[in-house]
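One structure is given here, and the rest of the page talks about it.
When a ligand or atom number is given, it counts from 1 through the structure's own listing order. Residue numbers run from 1 in the order of the sequence given. Side chains are part of it too, since the values below use all heavy atoms of this structure and drop only hydrogens, waters and symmetry mates.
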Amino acid sequence: MLQKTSHYMRQANLIGGEWVQADSGATIDVINPATGLKMGTVPKGGRAETRRAIEAAAEAFKSWRKTSALERSKLLHKLADALLDNQDSLAELLTMEQGKSLTESKGEIGSSAAYVRWFAEEGRRTYGDVVPSPWADRRILVNREPVGVIAAITPWNFPSSMLARKIGPALAAGCTTVVKPASQTPYSGLAWGALCEEVGIPKGVVNIVTGSAGEIGDEICENPIVRKVTFTGSTEVGKILLQKAAATVKKVSMELGGNAPFLVFDDADLDRAVAGAIAAKYRNSGQTCVCTNRFYVQAGIHDKFVEKLAEATNSLKVGSGLEDGTQQGPLIDGKAVEKVEEFVADAVSKGGKVIAGGKRHALGGTFFEPTVISGATNDMRFTQEEIFGPVAPIYRFEKEEDAVALANDTVYGLACYFYTGDLGRAFRVMEGLKYGLVGVNEGVITTPEAPFGGMKESGLGREGGHQGIDDYLDTKYVCIGGLGL
Ligand code: NAP
């Protein structure tokens, strides 16, 4: 049953400027994780619908690529304004389908607008080169042009801002798009279609298809019209898409899983480290790719850190994201709760000590208590696996080099954090960590101005920064001869 409507809530797909249902009429239910109630449905599209969306994007590309960078920039600024003008209602929609607190959802919509605005500006600076020619009568130009139709597949944990990092640079560069939002949180994605329409982005430039992930993914990967796939999600699915996209040699950007370490050295500012730990662990109920997975704390500060982190964790307010003051909402679904329970049981069976939380929350449903486990050891599952929930395992260490080695002992390389008051150590440790994002004495570091992305199995490419538009541009070398100079 529909609980509440938002002006931007669409229960249809956007293909070539038309809001449509799946050919079969099949739909997917969308559930509010805080209540377990159905919010509504979205079409269960497949290959045919995706193919039409790709063709619509290809048609729109013919004229969109010819618009000036300034014209596209103006439209993107309007889009950013529309996001901010409707921040409250978009945040409410996001909280209802995803669960995070309203404060976090407003932050996410604000971040979406900031990314769109950043790329509205970066799109005006996609400079080429005029290269000194080795030939007297020829000139060398290096131009940058839009790659063409791009396809974006996004996860449920940031259903709005993950689109901003893809739609923003794609449109700024002159590309057109086919977007597939996650099935559990499709409304924040479909809202982008409604917003793009409202601000005057031409039909077919942004197409949005919901439905069967496998079918949509296969069409995207196999269709030669699509020239780039940008994916945010698990490493497992990223690997499948990389293999499939290889058949037509598409450009790829992959923002995949993480296993973030958080190192606290004896010389750290303890209170600052605890505040950073809370932000880096429990944001979005621990369901972010940059959330801390492992806390490594040096022996001299260990006990005090554990005590203070447990105290701060116990004071977090758990509840429906729509309620005032909520700091941690529900997990996305029952499976996520079961996975977190398994991690806790595994740790306890191997000697870990639960010192905060540790079980399902009294609120029931998919709520879980913010949890701290001390005495974590390398044989526990969460040492290598992404927790994606509100569990903070704490490992004790003695020597700096051991902590850096343990931090790097993972296939992932997305985000890491460390706290120290020693400048030399800050540089040594920063240079030793094999991660794409490093927070030094900071627990939340994402911003549109900086490149976001991982090393190793955490991905390929960068979103944000001036680098964030590069993957949407092809480089063309032009040699002009016979100039008779
Ligand atoms: P997921 O299961 O990989 O799903 C992500 C998206 O891929 C969804 O839209 C999903 O569709 C789709 N998908 C699933 N199987 C597919 C297939 N075979 N072909 C094409 N598409 C397919 O990830 P998730 O559980 O939504 O998100 C959590 C993961 O994302 C975590 O690992 C997290 O670390 C990662 N993440 C990374 C970043 C980053 O920037 N590095 C940011 C956020 C999240 P359905 O929803 O329809 O299944």
Check your understanding: Would you call Asp471-Arg462 a salt bridge at under 4.0 Å N-O?
Key -> no
Sorted by chain and residue number, the residues with a non-hydrogen atom under 4.0 Å of ligand 1 are Ile153, Thr154, Pro155, Trp156, Asn157, Met162, Lys180, Pro181, Ala182, Ser183, Gly211, Ala213, Gly217, Phe231, Thr232, Gly233, Ser234, Val237, Leu241, Glu255, Leu256, Gly257, Gly258, Cys289, Glu386, Phe388, Leu414, Phe452
Applying salt bridge (Lys or Arg N to Asp or Glu O under 4.0 Å) to Glu197 and not counting sequence neighbours gives none
Does Lys44 pair with Asp23 as a salt bridge, N-O distance under 4.0 Å?
no
Residue pairs passing the side-chain hydrogen bond (donor to acceptor under 3.5 Å, both in side chains) test with at least one member in residues 336-345, sequence neighbours excluded, are Glu341-Arg360, Glu342-Arg381
Shortest non-hydrogen pair, Ala120 vs Leu76, comes out as CB-CB, 3.6 Å
Applying salt bridge (Lys or Arg N to Asp or Glu O under 4.0 Å) to Arg51 and not counting sequence neighbours gives Glu219
